[in-house]
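Notes follow the structure.
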Amino acid sequence: QVQVVESGGGLVQAGGSLRLSCVVSGSIFSIGPMGWYRQGPGKQRDLVATVTHRGTSNYADAVKGRFTVSRDNTKNTVYLQMNSLKPEDTAVYYCNADVTLAYNSDNFFRYWGQGTQVSVSS
């Protein structure tokens with residue numbers, strides 16, 4: 001079993017910052033790429049950022065220069081540092097992780113967190 005637990009969401013004023021955390025636990029052999037997605041009101045779920053096992057990251061154009069994704073492999077945790085927040089960043093933010101459950105398997109399963117609300121006011 002794999003559990004994905006997010007924290008750090010909340011309400012902030014435009015220009016403020018938040019740091020989201022996502023901890024993956026359970027019967028895990030290894031974790032590949034991890035990522036963050038978001039879904040605003042009436043919108044589709046879109047990529048925010050991803051980070052590989054070794055720390056290579058990529059970002060959606062809308063958040064480049066403002067958000068930073070990182071991970072701590074000793075804690076099975078991925079972070080999203082969000083600075084200079086804008087009202088259009090308001091969304092439910094979802095964490096995911098590609099998890100291998102056994103050493104002799106090449107199958108990855110993508111697990112998702114429950115989502116955490118980020119609200120940015122003007």
Side-chain angles (χ1 to χ4, degrees):
Q1 297 184 8
V2 176
Q3 299 82 42
V4 180
V5 180
E6 299 160 304
S7 62
L11 174 64
V12 297
Q13 192 172 183
S17 297
L18 283 174
R19 187 186 189 229
L20 306 183
S21 299
C22 175
V23 180
V24 182
S25 62
S27 299
I28 298 168
F29 178 73
S30 65
I31 303 176
M34 306 175 80
W36 292 94
Y37 287 68
R38 68 185 182 185
Q39 186 169 19
K43 301 179 181 178
Q44 295 185 338
R45 186 177 298 187
D46 293 324
L47 171 72
V48 176
T50 62
V51 59
T52 69
H53 179 78
R54 290 177 169 81
T56 300
S57 60
N58 71 86
Y59 301 90
D61 288 341
V63 307
K64 286 181 179 177
R66 300 187 297 121
F67 291 11
T68 302
V69 64
S70 61
R71 64 192 287 169
D72 184 344
N73 291 329
T74 69
K75 300 181 180 296
N76 292 337
T77 300
V78 62
Y79 306 94
L80 185 68
Q81 178 67 46
M82 304 184 293
N83 298 326
S84 302
L85 283 162
K86 305 175 181 179
E88 51 262 46
D89 295 319
T90 295
V92 177
Y93 283 70
Y94 298 90
C95 167
N96 70 45
D98 291 350
V99 178
T100 299
L101 303 180
Y103 77 94
N104 60 348
S105 175
D106 59 359
N107 292 331
F108 273 85
F109 297 92
R110 179 162 292 180
Y111 291 87
W112 291 85
Q114 76 288 348
T116 185
Q117 178 70 49
V118 172
S119 298
V120 184
S121 64
S122 300

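Note that these values count all heavy atoms, side chains included, but never hydrogens, waters or copies made by symmetry.
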query = Mind checking whether Val69 and Val78 have side chains closer than 4.5 Å, heavy atoms only?
reply = yes

key: ILVMFWY network linking Val23 to Val51, side-chain heavy atoms under 4.5 angstrom   = no

query = Does a sphere of radius 6.0 Å around CD in Gln114 hold more than 12 heavy atoms from other residues, nucleotides or ligands, not counting ones at 6.0 Å or beyond?
reply = yes

query = Is there a side-chain contact between Thr68 and Leu80 (heavy atoms, below 4.5 Å)?
reply = no

ask   = Within a strict 4.5 Å, meaning less than it, do heavy atoms of the Ile31 and Thr100 side chains meet?
value = no

remark   = Shortest non-hydrogen pair, Phe108 vs Gly32, comes out as CE2-N, 3.6 Å

query = Which value, rounded to the nearest 0.5 Å, describes the distance between Leu47 atom CG and Asn58 atom CG?
reply = 6.0 Å

ask   = Any chance CD of Gln1 has more than 12 other-residue heavy atoms, nucleotides or ligands included, within less than 6.0 Å?
value = no

request  = Answer whether the closest heavy-atom distance between the side chains of Cys95 and Val4 falls below 4.5 Å.
outcome  = yes

ask   = Just by distance, do the side chain of Glu6 and the backbone of Gly115 share a donor-acceptor pair under 3.5 Å?
value = yes

message = The test is side-chain contact (heavy atoms from CB on, under 4.5 Å); show your working for Lys43 and Arg38 and say whether it passes.
response = CA-CA 9 Å; Lys43 301 179 181 178; Arg38 68 185 182 185; over 6 Å; no

query = So, Trp36 versus Phe67, ring centres under 6.0 angstrom or not?
reply = no

ask   = Do you know the tightest heavy-atom contact between Leu85 and Leu18?
value = CD1-N, 3.9 Å

inquiry  = Using a 3.5 Å distance criterion without hydrogens, assess whether the side chain of Arg71 forms a donor-acceptor pair with backbone atoms of Thr77.
reply    = no

4.5 Å side-chain heavy-atom contact, His53 and Met34 = no

note = Shortest non-hydrogen pair, Ser17 vs Gln81, comes out as CB-NE2, 4.0 Å

request  = Give, for atom OH of Tyr94 and atom CG of Asp46, the distance between the pair rounded to the nearest 0.5 Å.
outcome  = 12.0 Å

key: Cluster check Val92, Val118: I/L/V/M/F/W/Y, side chain < 4.5 angstrom   = no

query = Taking the side chain as C-beta and beyond, is there a heavy-atom pair between Asp89 and Met82 under 4.5 Å?
reply = no

inquiry  = Could you measure the distance from the OG1 atom of Thr116 to the OH atom of Tyr93? Nearest 0.5 Å is fine.
reply    = 10.5 Å

note = salt bridge (Lys or Arg N to Asp or Glu O under 4.0 Å) filter on Arg45, not counting sequence neighbours, yields none

Heavy-atom pair of closest approach, residues Gly9 and Leu20 = N-CD2, 3.5 Å

ask   = Got a second to check how far Tyr111's OH is from Ser25's OG, nearest 0.5 Å?
value = 11.5 Å

Residues in salt bridge (Lys or Arg N to Asp or Glu O under 4.0 Å) contact with Arg110, at least two apart in sequence or another chain = Asp98

key: Reported NZ-to-SG distance for the pair Lys75 and Cys22, which is rounded to 0.5 angstrom   = 14.5 Å

key: 4.5 Å side-chain heavy-atom contact, Leu101 and Phe29   = no

Residues in salt bridge (Lys or Arg N to Asp or Glu O under 4.0 Å) contact with Lys64, at least two apart in sequence or another chain = Asp61

query = Checking Gln3 side chain against Val24 main chain: does a donor-acceptor pair fall under 3.5 Å?
reply = no

message = Taking Val120's backbone N and O only, do any of them form a donor-acceptor pair with Thr90's side chain (distance below 3.5 Å, no angle check)?
response = yes

